[in-house]
Peer 1: 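This is the structure I have questions about; it appears just below.
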Amino acid sequence: MQEIIQNIQKAIIEISQELRYLKDFDYTTSQNATGDTQLKLDVKSDEIITKFLKQAKGIKSLISEEKQEQMLLNENEEYVVAYDPLDGSSLVDVNFSIGSIFAIYKNEAKAKQLKASVYAIYGVRLELVVCIDIPKLYRLNQNNEFVFVKDLILSEKGKINASGGTQKNWSNIHRNFIKSLFDEGYRLRYSGAMVSDLHQILLKGGGLFSYPSTSDAPNGKLRAYFEVFPFAFIFEKANGFSSDGKNNSLLDLEFDKIHASTPCFLGSKYEIEKLKQVYKGL
Ligand code: AHM
Ligand code: MG
């Protein structure tokens, strides 16, 4: 697995260089499996990651937000790597922080088989979080080496409230729940790139990120295998919690389709316990 993580590091360094001196913000004429029109940069990032992961030993297949089907590399190998090559790519024009997300599954893409999660954040600095047991933050130095900074551990309660989806399409339950957190003193922090929003919660020690079921998207927007599961794994290993509003953990969920989406809530203990009370019995 170390070789897979090393190749992910090489890929994200190359993607960060592409982003830094980007000339082409254009869209392609194609759509990905979930119907989003792909940016040339989404496709380019997918190609870079595919190139480096093909060089790593141990990978059975790849699942990508930008590939319609699972890509078989070697049937006899052990790991399935699922990834979102460029999360939040629609914010690249406004120069917000965006990221790449990776989930490394053993034998098959299934939450219970998740062995490691990795994400990169392309911001003022290039940072990397690698989680096998405890999420570990690394930062790129001038010599293009990732230097360990610290372990990421959540407090039992935070101050940040970040909810996605168009508000007019929220349920009344969700609207009231989000308002109740603001009434307690929580602050709104939402950029529209889940990597940045979740990274902020992890670094500031707590809070809540929600992407609920909405009237226009009953299964939410965020995709299970390469967005939701890898972050649920990281949050739970950081002493945080996750839920889809019904289940105790997002990692209890199973889906047939590789591009399936699910409502998701990730946060520290207090906020997720409150969420479960409010959503209970729905
Ligand atoms: P992307 O992978 O196509 O960039 O889309 C996922 C992004 C997430 O990063 C973010 O949490 C969400 O879409 C924002 O959606 P919304 O604008 O509906 O809140
Ligand atoms: Mg994404």
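Note that ligands are numbered from 1 as they come in the structure, with each ligand's atoms numbered from 1 the same way.
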Peer 1: Walk me through it: do S261 and K221 pass the test side chain to side chain contact (heavy atoms under 4.5 Å, CB included)?
Peer 2: CA-CA 6 Å; S261 63; K221 174 181 180 188; 5.9 Å; no
Peer 1: Taking 4.0 angstrom as the limit, do K44 and E66 come out as a salt bridge?
Peer 2: no
Peer 1: Can you list the atoms of ligand 1 that are under 4.0 Å from a heavy atom of M194?
Peer 2: 8 (C), 9 (O), 10 (C), 11 (O)
Peer 1: Against ligand 1, does A193 come closer than 4.0 Å with any heavy atom?
Peer 2: yes
Peer 1: Check this for me: does any side-chain nitrogen of one of E65 and R223 sit under 4.0 Å from a carboxylate oxygen of the other?
Peer 2: yes
Peer 1: Should one rank K221, Q167, E227 by closest heavy-atom distance to atom 15 (O) of ligand 1, which comes out on top?
Peer 2: K221
Peer 1: For ligand 1, which is the ligand I care about here, please tell me if D84 has any N or O atom under 3.5 Å from one of the ligand's N or O atoms.
Peer 2: yes
Peer 1: Going by the atom numbers of ligand 1, which of them fall below 4.0 Å from some non-hydrogen atom of Y190?
Peer 2: 11 (O), 14 (C), 15 (O), 16 (P), 19 (O)
Peer 1: Got a salt bridge between K237 and D133, using NZ or NE/NH1/NH2 to carboxylate O under 4.0 Å?
Peer 2: no
Peer 1: May I ask you to check if ligand 1 and G164 share an N or O to N or O distance below 3.5 Å?
Peer 2: no
Peer 1: Between ligand 1 and L222, can you find any atom pair, the residue atom being a heavy atom, that is separated by under 4.0 Å?
Peer 2: yes
Peer 1: Can I153 be reached from I160 by stepping across I, L, V, M, F, W or Y side chains whose heavy atoms are under 4.5 Å apart?
Peer 2: no
Peer 1: Could you tell me, atom by atom, which parts of ligand 1 come under 4.0 Å of a heavy atom of R223?
Peer 2: 1 (P), 2 (O), 3 (O), 5 (O), 6 (C)
Peer 1: Find all atoms of ligand 1 within a distance of less than 4.0 Å from any non-hydrogen atom belonging to S89, and give their numbers and elements.
Peer 2: 4 (O)
Peer 1: With heavy atoms of G88 as the reference, note each atom of ligand 1 found under 4.0 Å away.
Peer 2: 1 (P), 4 (O)
Peer 1: Do side-chain atoms of K269 reach the backbone of F241 as a donor and acceptor pair under 3.5 angstrom?
Peer 2: no
Peer 1: Should E14 and K10 count as an ion pair when the cut-off is N to O under 4.0 Å?
Peer 2: no
